[in-house]
Amino acid sequence: MIRAAICDDEPTILDYLHEHISLEFKHQYADIHIDKYTSGKDFLNAHKGEPFDVVFLDIDMPEISGFEIAGHINDISDALIVFVTLHDELVYSSLKFRPFRFIRKAYLDNELPETLESIITETAKRNLDSKFVFQTKSGEAFVDLNNVIYIEIYGHWLRVCLKDGEPLECYGSLTSFERELEKLDFVRTHKSFLVNCKYIFSIEKNQVVLDNKTTIPLSRYKVDAVKTKFKKIIRSTL
């Protein structure tokens, strides 16, 4: 369950965000509980008692500004902060508070859906144990997913290629791994390959090139999906 808070002194914005966030999480089969606040001080009192996972925060708030609130949030938690504002010119000033996203109120319909999808992905990463269990010939191997470059079908086995260390041969179904890792940075490029997007250097007509110059087949049926996921990963790191 993700605990989220919306802090905005405009009731119409509060209701809009509450409705659309709830619908998107329901659509993604993700559980969320949302509290609404029109007072920054009331929000901070609640956050200090039990920190929220995600905070949608107006910058232009009475009594205490959204930037001041964000500073307090960063002092006591690692909550994802999403600034929601009418003031486009404040985007650069907001960066020192390490916001997860910056949404303009005039473009809520366009900018909110991608933000919510990214939040679902990020919270899934945070909730995932840093070690993933692979069943090998010699028993269970606990591997950090950040160290996995790609997984391929290798005869009757799956071969897990690692950034550091020798490849692992493991039992399992590539389709099952795809389902488990779909909300993370992995993407199916071909019927026989599941690739960690963070290691993709470029996408070409019929292959992807990895940082280590390895080339992975790219099915023509997967091109659009791979490009879309890769672009999202790139945007999230900017």
Side-chain angles (χ1 to χ4, degrees), residues 1-25 28 30 32-127 146 183-185 197-198 228-238:
M1 170 74 73
I2 296 171
R3 296 184 67 252
I6 308 168
C7 189
D8 197 301
D9 61 321
E10 296 182 60
T12 55
I13 296 295
L14 275 179
D15 293 340
Y16 177 95
L17 289 172
H18 187 277
E19 178 184 357
H20 285 76
I21 293 168
S22 298
L23 287 174
E24 182 62 25
F25 270 72
Q28 295 288 339
I32 190 169
H33 172 82
I34 306 171
D35 289 339
K36 298 187 293 184
Y37 299 90
T38 56
S39 164
K41 290 183 178 179
D42 289 345
F43 159 74
L44 283 175
N45 286 333
H47 187 69
K48 289 175 183 176
E50 186 177 358
F52 292 94
D53 302 306
V54 184
V55 181
F56 295 85
L57 182 60
D58 185 18
I59 293 176
D60 189 14
M61 294 279 291
E63 295 184 328
I64 179 170
S65 75
F67 284 163
E68 291 178 90
I69 295 170
H72 289 298
I73 292 172
N74 287 335
D75 285 342
I76 61 178
S77 76
D78 62 349
L80 301 178
I81 298 174
V82 179
F83 284 122
V84 185
T85 182
L86 286 169
H87 302 286
D88 298 15
E89 72 277 7
L90 294 178
V91 61
Y92 294 108
S93 301
S94 74
L95 296 180
K96 66 180 179 180
F97 300 102
R98 305 188 303 278
F100 183 71
R101 287 291 189 278
F102 186 100
I103 298 178
R104 298 167 294 175
K105 289 185 177 179
Y107 300 94
L108 275 174
D109 288 341
N110 293 327
E111 297 179 357
L112 184 60
E114 189 277 333
T115 296
L116 295 178
E117 187 174 343
S118 296
I119 287 171
I120 291 171
T121 299
E122 179 62 24
T123 51
K125 291 179 188 177
R126 291 187 174 195
N127 292 332
N146 289 314
K183 292 192 180 299
L184 303 178
D185 294 344
C197 281
K198 67 179 287 186
T228 297
K229 181 122 187 202
F230 184 60
K231 286 177 182 177
K232 287 180 181 178
I233 300 302
I234 293 298
R235 284 202 302 270
S236 69
T237 61
L238 295 179

Just how far is it from atom OG1 of Thr115 to atom CD1 of Ile103, taken to the nearest 0.5 Å?
3.5 Å
Value for NE2 (His18) from CD1 (Ile13), rounded to nearest 0.5 Å, stands at 14.5 Å
Not counting sequence neighbours, list each pair that qualifies as a side chain to side chain donor-acceptor pair (under 3.5 Å) and has a residue in residues 40-51.
His47-Ser77
Check this for me, if you would: do Arg3 and Asp53 make a salt bridge, where the nitrogen-to-carboxylate-oxygen distance has to be below 4.0 angstrom?
no
Indicate whether the side chain of Asp35 and that of His33 have a donor and an acceptor atom separated by less than 3.5 Å.
yes
Tell me, do Val55 and Ile73 make a side-chain contact under 4.5 Å, heavy atoms counted?
yes
Minimum-distance pair of heavy atoms, taken over all atoms of Gly66 and Leu57
O-CD2, 3.2 Å
Is a side-chain donor or acceptor of Ser65 paired with a backbone partner of Met61 at a separation under 3.5 angstrom?
no
Between OG1 of Thr38 and CZ of Phe43, what distance do you get to the nearest 0.5 Å?
13.0 Å
Pairwise side-chain contact, His72 with Ile64, heavy-atom cut-off 4.5 Å (strictly under):
yes
Side chains of Ile81 and Phe100, heavy atoms from C-beta outward: is any pair under 4.5 Å?
no
Given side chain to side chain contact (heavy atoms under 4.5 Å, CB included), test Val84 with Ile6 step by step and report yes or no.
CA-CA 10 Å; Val84 185; Ile6 308 168; over 6 Å; no
Side-chain ion pair, Lys229 and Asp185, N-O less than 4.0 Å
no
Can you check whether Leu14 reaches Tyr37 side chain to side chain, under 4.5 Å on heavy atoms?
no
Pair Glu114-Ser118, side-chain hydrogen bond (donor to acceptor under 3.5 Å, both in side chains): steps then yes or no
CA-CA 6 Å; Glu114 189 277 333; Ser118 296; 2.8 Å; yes
Check whether any side-chain heavy atom of Leu17 sits under 4.5 Å from a side-chain heavy atom of Leu112, and report yes or no.
yes
When every non-hydrogen atom of Leu90 is compared with those of Phe67, the smallest separation belongs to O-CZ, 4.0 Å
Drop me the distance from Asp78's CG to Arg98's CZ, to the nearest 0.5 angstrom.
9.5 Å
One thing to verify: whether Asp60 and Lys105 come together as a salt bridge, which I'm taking to mean a side-chain N less than 4.0 angstrom from a carboxylate O.
no
Heavy atoms of Gly40 and Ile69 approach each other most closely as CA-CD1, 3.6 Å
Rounded to the nearest 0.5 Å, how far does CG of Leu44 lie from SG of Cys7?
7.5 Å
Check the pair Leu80 / Glu122 against side chain to side chain contact (heavy atoms under 4.5 Å, CB included), numbers first and verdict last.
CA-CA 9 Å; Leu80 301 178; Glu122 179 62 24; 3.9 Å; yes
For Phe56 and Phe83, I'd like to know if the aromatic rings sit close, meaning centre-to-centre distance below 6.0 Å.
no
For a 4.5 angstrom cut-off between non-hydrogen side-chain atoms, does Asp15 reach Glu19?
no
Among Ile32, Val82, Ile21, which one satisfies side-chain contact (heavy atoms from CB on, under 4.5 Å) with Ile119?
Val82
What's the separation between atom CZ in Phe230 and atom NZ in Lys198, rounded to the nearest 0.5 Å?
13.0 Å
